[in-house]
Amino acid sequence: MTAPIEPTPADAPRLNFVEERVQSDQAAGRHGGRVHTRFPPEPNGYLHIGHAKAICVNFGLAQRFGGRCNLRFDDTNPTTESVEYVESIQKDVRWLGFDWEDRLYFASGFFESIYGFAEELVRKGLAYVCDLDGEAMRAHRGTLTAAGTPSPWRERSVEENLDLLRRMRAGEFPEGARTLRAKIDMASPNMNLRDPVLYRILHADHHRTGAAWRIYPTYDYAHPLCDALEHITHSICTLEFENHRPLYDWVRDNCSTPSKPEQIEFARLNITYTVLSKRKLLRLVNEKHVAGWDDPRLPTLSGLRRRGYTPSAIRTFCERIGVAKFGSTIDVVQLENALRDDLNKTAPRAMAVLRPLRVVIENYPEGAGEELDAVNNPEDPTAGTRKVPFSRELYIERDDFRADAPKDYFRLAPGKEVRLRYAYFVTAKSFRTDPATGEVVEVLCTYDPATRGGNAPDGRKVKGTIHWVSAEHSIAAPVRLYDHLFGTEFPEEVPEGQDFLVNLNPKSLEVLEGARLEPSLAKLAPGSTVQFERHGYFCADAVDSRPGAPVFNRAVSLRDSWAKVEKKQQNKKAAAK
RNA sequence: UACCCCGUGGUGUAACGGUAACACAAGUGGUUUUGGUCCAUUCGUUCCUGGUUCGAAUCCAGGCGGGGUAACCA
């Protein structure tokens, strides 16, 4: 198996509670000292960042303790599942950097064994065929505070149960007509133990077993059996299954399984400004609030990948957030920072003007031009340099010029001198505005030829360095800026009777059509990521880019401390009024 | 108003009875040809009340608070 997670240094163990548990099991020689986990998604949707946590936990455990981790599809409900999901899930797990080698399993692959255990339970008098329909069963189950009442079919004979179960399997009864139930305790304070359903009749074809089965096992019944059949030692799942553990143990202990796995629960991931429930993600996709499962605003792995997230950033994030039993919500900036940390070290830099403003260097000879050396990545000396064309007419960022500059504004303003990165010092002499709107449309500057490359021989300093592109040499490309999909920190918190969709951020996508980029960007491979200096990290969209005509997605912006300063100034101004 | 789980800075995670650590956020300074990076620095009487102990975030009891659970979903 590949080993993308750094091994924990011996001097700093810092094991989470699951790792501690596994470590002590191993030390005590339980499960023969083996560690075997599994990642068991149901193929009914695309994987998201919450699954990434589970994947890192399960595969990470195996790596750390010299064990194995399986990929298993929990495909016990044919009505919601499909091969599309089976394929996307495998692709995403691999992309994240994990390898299940030859251990790919399907719950459906165990259907025959699982059925065999059902007959065993019937023979032991521990399961019975029940003729109650859904509504009646609910009524018999009781409530959270009141005990349930036994089904009238609870005391059928073993022979009758066996006969009925076999006929259920044979498809003799209509869907929903009967179920196989465990005979446990209708008065249990744990609802899961009030004779839970083991098998239901479903006249539905399965994406792998076709029409072979007319009955399908439930999760609670199939899961412990699959775990045991795969010789899983530690079955890690999320907190909402805590109350299911007694049932997990019941199934495991009452069936003659080849091994005895144990279930351990941890808190599922929540992140601010997004939703991580399959049901809600499905709605966003189906109701077209986003462009598909790989919409870059989605927390799906395919969305994050398209957005420009790297597998290593996601793994780092999962490492940092830890594993515990407290139902917490992680600030989305934690995710963004993991990406910044990764890309800062690896992403080549380039200059891109997102909202162009024309600049003319009045004392630069007309028709002249030259190429200047630019550093590809200041964090990585081996990345080398590249040539960037310079000429008399340039574009700079609209934000980098102010006719009326506030205090602490280091960029270009009338009479102020700044450095054009890797080029020259320039001083703004005048500017022209659109008579209709008053908007600045052109800035006229002079440059100091002695400052070529960006340093003044006389030692004079400038406060600001801004990026630029040559007007004639630059290329155009659409640039998509993404913001949080939801406008509120906790989108699921919604006023009575309202839907989480009310919290959708109407400005989560902004497409810039007029951006001008340095020419080297034309040949950037789709899917690769660069830093647009002073802006952020941008990925050439893997779907919409064409050879020589990239389309860019902003993965994440750079930290922007000027924005903070400016905001503070504005707040001060507002307070003064 | 049943059962289960959880409660440490703004957000997360550690400390395994011996004077609360790490990451992120926020603030302040420094460096800087990215207002990026980097460096330094500030920010918690561990939900409450009792108890055990020389000593409690850690153990016990009782509160309080949060979450989960009543699909023939997973």
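Proteins get letters first, then strands, A, B, ... in listed order; numbering begins at 1 in each.
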In whole angstrom, what separates [X]'s [atom1] from [N]'s [atom2]?
X: A:Glu240; N: B:rG66; atom1: CD; atom2: P; result: 20 Å
X: A:Phe532; N: B:rU34; atom1: CZ; atom2: P; result: 19 Å
X: A:Asn344; N: B:rG35; atom1: CG; atom2: P; result: 14 Å
X: A:His467; N: B:rG36; atom1: NE2; atom2: P; result: 15 Å
X: A:Tyr219; N: B:rA71; atom1: OH; atom2: P; result: 17 Å
X: A:Phe241; N: B:rU69; atom1: CZ; atom2: C1'; result: 12 Å
X: A:Arg194; N: B:rC72; atom1: CZ; atom2: P; result: 13 Å
X: A:Tyr273; N: B:rU11; atom1: OH; atom2: P; result: 14 Å

Inset, instruction - Could you check A:Asn192 against A:Val197 and say which one's nearest nucleotide on RNA chain B is further toward the 5' end? - result: A:Asn192
Legend entry - 5' precedence on RNA chain B between A:Asp408 and A:Gly322 (nearest-nucleotide basis): A:Gly322
OP1 or OP2 of [N] less than 4.0 angstrom from a side-chain nitrogen or oxygen of [X], does that happen here?
X: A:Arg14; N: B:rA21; result: no
X: A:Thr76; N: B:rA74; result: yes
X: A:Arg138; N: B:rA71; result: yes
X: A:Asn337; N: B:rA25; result: yes
X: A:Arg320; N: B:rA14; result: no
X: A:Arg141; N: B:rA71; result: yes
X: A:Ser561; N: B:rG36; result: yes

Inset, instruction - Before accepting this row, confirm whether a basic side-chain N of the pair A:Arg268/A:Glu240 lies closer than 4.0 Å to the acidic partner's carboxylate O. - result: yes
Inset, instruction - Identify whether the distance between the nearest side-chain nitrogen and carboxylate oxygen of A:Arg21 and A:Glu262 falls below 4.0 Å. - result: yes
Anything under 30° is parallel, anything over 60° is perpendicular, the rest tilted; go ahead and classify [X] against [Y].
X: A:Tyr115; Y: A:Tyr199; value: perpendicular
X: A:Tyr85; Y: A:Tyr46; value: perpendicular
X: A:His535; Y: A:Phe538; value: perpendicular
X: A:Phe500; Y: A:Phe486; value: tilted
X: A:Phe111; Y: A:Tyr216; value: perpendicular

Legend entry - Candidates B:rG35, B:rC4, B:rC72 - which lies nearest the side chain of A:Asn243: B:rC4
Legend entry - Listed nucleotide nearest any side-chain atom of A:Arg534, set B:rC73, B:rG35, B:rC72: B:rG35
[X] NZ/CZ over [Y] ring centroid, <6.0 Å and within 45° of normal:
X: A:Arg208; Y: A:Phe106; value: yes
X: A:Arg516; Y: A:Tyr395; value: no
X: A:Arg169; Y: A:Trp213; value: yes

Could you please name the partner base of [N], counting Watson-Crick and G-U wobble pairs only when both distances are under 3.5 Å?
N: B:rG35; value: none
N: B:rU69; value: B:rA2
N: B:rA20; value: none

Assign [X] to base, sugar-phosphate, or nothing according to its heavy-atom contacts below 4.0 angstrom with the strands shown.
X: A:Asn455; value: base
X: A:His244; value: base
X: A:Pro378; value: base
X: A:Lys564; value: sugar-phosphate
X: A:Gln531; value: base
X: A:Glu379; value: base
X: A:Arg411; value: base
X: A:Ile215; value: nothing
X: A:Arg421; value: base
X: A:Met351; value: nothing
X: A:Leu144; value: base
X: A:Tyr409; value: base
X: A:Asn44; value: nothing
X: A:Thr79; value: nothing

For [N] versus [M], give the span between their [atom1] atoms, rounded off to a whole number of Å.
N: B:rA61; M: B:rU52; atom1: P; answer: 15 Å
N: B:rA25; M: B:rG9; atom1: C1'; answer: 11 Å
N: B:rU58; M: B:rA20; atom1: P; answer: 14 Å
N: B:rC48; M: B:rG65; atom1: P; answer: 15 Å
N: B:rG10; M: B:rC3; atom1: P; answer: 33 Å
N: B:rU49; M: B:rC43; atom1: C1'; answer: 28 Å
N: B:rG55; M: B:rU28; atom1: C1'; answer: 38 Å
N: B:rG36; M: B:rU31; atom1: C1'; answer: 13 Å

Inset, instruction - Go through the side-chain N and O atoms of A:Glu489 and A:Thr329 and say whether any donor and acceptor fall under 3.5 Å apart. - result: no
Inset, instruction - For RNA chain B, determine which residues of residues 323-334 of chain A have any heavy atom closer than 4.0 angstrom to one of its atoms, and list them numerically. - result: A:Val323, A:Ala324, A:Lys325, A:Phe326, A:Ser328, A:Thr329, A:Ile330, A:Asp331, A:Val333, A:Gln334
Legend entry - Donor-acceptor pair under 3.5 Å, A:Glu242 side chain vs B:rU69 base: no
Legend entry - Check: A:Phe390 ring centroid to A:Tyr424 ring centroid under 6.0 Å: yes
Legend entry - B:rA15: syn or anti, per glycosidic angle within 90° of 0: anti
